[in-house]
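Have a look at the structure below before the remarks.
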Amino acid sequence: MRRCCSCPAGHTAQGGHEAQQRGYVSLRYRFQAAQCGPCALRGQCLRKPETTAARQVAFFQANTGSAHPYTQRMRALIDSEAGRELYDRRMGTVEPVFANLRHNKGLRRFTLRGQTKVDAQFKLFCLVHNIEKLAKAGYGMG
């Protein structure tokens with residue numbers, strides 16, 4: 001079976017590879033920039049014709065019912081007896097730290113861009129949190 005997709009101008013994209021995203025199976029097609037570049041119907045095909053080189057189309061076929069394999073694994077782990085015990089300990093040790101960072105320190109959203117900068121910003125907030133814990137415990141007070 002040969003699969004193809006055509007645009008309003010009649011150009012075709014062959015193949016179409018299957019992709020799975022968030023539990024949905026889709027067929028994805030990508031047109032050539034040589035087809036879309038000089039086309040008079042670019043405005044009908046593309047949301048941003050001034051910045052997009054070529055048309056991309058995805059046809060969603062079915063929902064597989066499974067979100068992500070990692071989510072399924074985590075759900076199975078938490079549902080086990082040992083996982084429930086581990087999760088209960090997390091609620092008492094880690095979650096108060098996140099609550100302190102969010103409500104007391106105002107870290108609702110990162111103000112920097114890029115993984116390295118966001119990581120540094122988060123570590124600085126954690127450093128402040130840990131210094132406050134040490135100060136409350138009486139370290140460094142004489």
Side-chain angles (χ1 to χ4, degrees), residues 1-140:
M1 178 177 136
R2 193 170 152 192
R3 297 182 273 196
C4 68
C5 176
S6 60
C7 72
H11 299 119
T12 60
Q14 298 294 323
H17 66 280
E18 283 193 15
Q20 187 169 354
Q21 184 177 13
R22 296 187 186 126
Y24 288 92
V25 176
S26 66
L27 283 175
R28 295 186 176 266
Y29 296 91
R30 182 173 291 172
F31 289 82
Q32 300 293 319
Q35 294 172 324
C36 297
C39 185
L41 300 176
R42 282 177 61 86
Q44 290 180 12
C45 290
L46 306 173
R47 284 189 205 143
K48 298 179 182 177
E50 58 280 350
T51 58
T52 307
R55 179 182 172 119
Q56 298 177 28
V57 180
F59 295 100
F60 291 98
Q61 295 180 321
N63 186 345
T64 61
S66 63
H68 202 286
Y70 299 119
T71 307
Q72 292 173 344
R73 285 175 40 198
M74 189 64 178
R75 190 171 291 137
L77 176 69
I78 290 175
D79 287 344
S80 70
E81 189 67 33
R84 177 57 38 206
E85 185 178 315
L86 184 67
Y87 193 73
D88 287 342
R89 275 192 290 170
R90 171 196 163 92
M91 295 301 286
T93 56
V94 177
E95 295 300 330
V97 175
F98 292 141
N100 180 28
L101 292 176
R102 180 175 179 156
H103 295 289
N104 298 336
K105 308 288 184 292
L107 183 63
R108 286 177 173 70
R109 179 177 293 188
F110 292 105
T111 57
L112 302 172
R113 290 186 172 208
Q115 186 172 357
T116 306
K117 293 178 185 176
V118 167
D119 186 48
Q121 186 178 10
F122 183 72
K123 286 178 180 174
L124 284 172
F125 273 93
C126 291
L127 182 69
V128 169
H129 173 80
N130 289 332
I131 289 172
E132 284 181 350
K133 283 177 80 171
L134 289 172
K136 285 180 184 175
Y139 287 97

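For the numbers below, each heavy atom of this structure counts, side chains included, while hydrogens, waters and symmetry mates do not.
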**OP:** Quick one: pull up OG in S80 and CD in E85 and give me the separation to the nearest 0.5 Å.
**Re:** 10.0 Å
Original post:
Of the non-hydrogen atoms in T12 and S6, which two are nearest, and what is the gap between them?
Top reply: CG2-CB, 4.1 Å
Original post:
In terms of ring plane angle, is the pair F122 and F98 parallel, tilted or perpendicular, where the classes change at 30° and 60°?
Top reply: tilted
Original post:
Between D79 and R75, does at least one N-O distance fall below 4.0 Å, as a salt bridge requires?
Top reply: no
Original post:
If you measure from OG1 on T111 to CD on Q121, what distance do you get to the nearest 0.5 Å?
Top reply: 3.5 Å
Original post:
For E81, does the CD atom have more than 12 heavy-atom neighbours from other residues, nucleotides or ligands under 6.0 Å away?
Top reply: no
Original post:
Once you round to the nearest 0.5 Å, how far does CG of L107 lie from CZ of F125?
Top reply: 4.5 Å
**OP:** Determine whether more than 12 heavy atoms belonging to other residues, nucleotides or ligands lie under 6.0 Å from atom OH of Y87.
**Re:** no
**OP:** Taking all heavy atoms of T52 and all of L46, pick out the closest pair and write down the distance.
**Re:** O-CD1, 3.8 Å
**OP:** Flag yes if more than 12 heavy atoms outside E95 fall under 6.0 Å of its CD atom; otherwise flag no.
**Re:** yes
**OP:** Keeping to residues at least two apart or across chains, list the salt bridge (charged side-chain N to carboxylate O under 4.0 Å, His left out) pairs with something in residues 101-114.
**Re:** K105-E132
**OP:** Evaluate the criterion side chain to side chain contact (heavy atoms under 4.5 Å, CB included) for residue pair M74 and L77; output intermediate values, then yes/no.
**Re:** CA-CA 5 Å; M74 189 64 178; L77 176 69; 4.2 Å; yes
Original post:
Partners of C45 by side chain to side chain contact (heavy atoms under 4.5 Å, CB included), sequence neighbours excluded?
Top reply: C7, P8, R55
**OP:** Return the minimal non-hydrogen interatomic distance between F59 and C5, and the atom names on each side.
**Re:** CE1-SG, 3.8 Å
**OP:** Would you name the heavy atoms of C36 and F31 that are closest together and state the gap between them?
**Re:** SG-CB, 3.8 Å
**OP:** Tell me, yes or no, whether the heavy-atom count around Q32 atom CD, taken from other residues, nucleotides or ligands under 6.0 Å, exceeds 12.
**Re:** no
**OP:** Applying side-chain hydrogen bond (donor to acceptor under 3.5 Å, both in side chains), name anything that partners R28, two or more places apart in sequence or on another chain.
**Re:** Q21
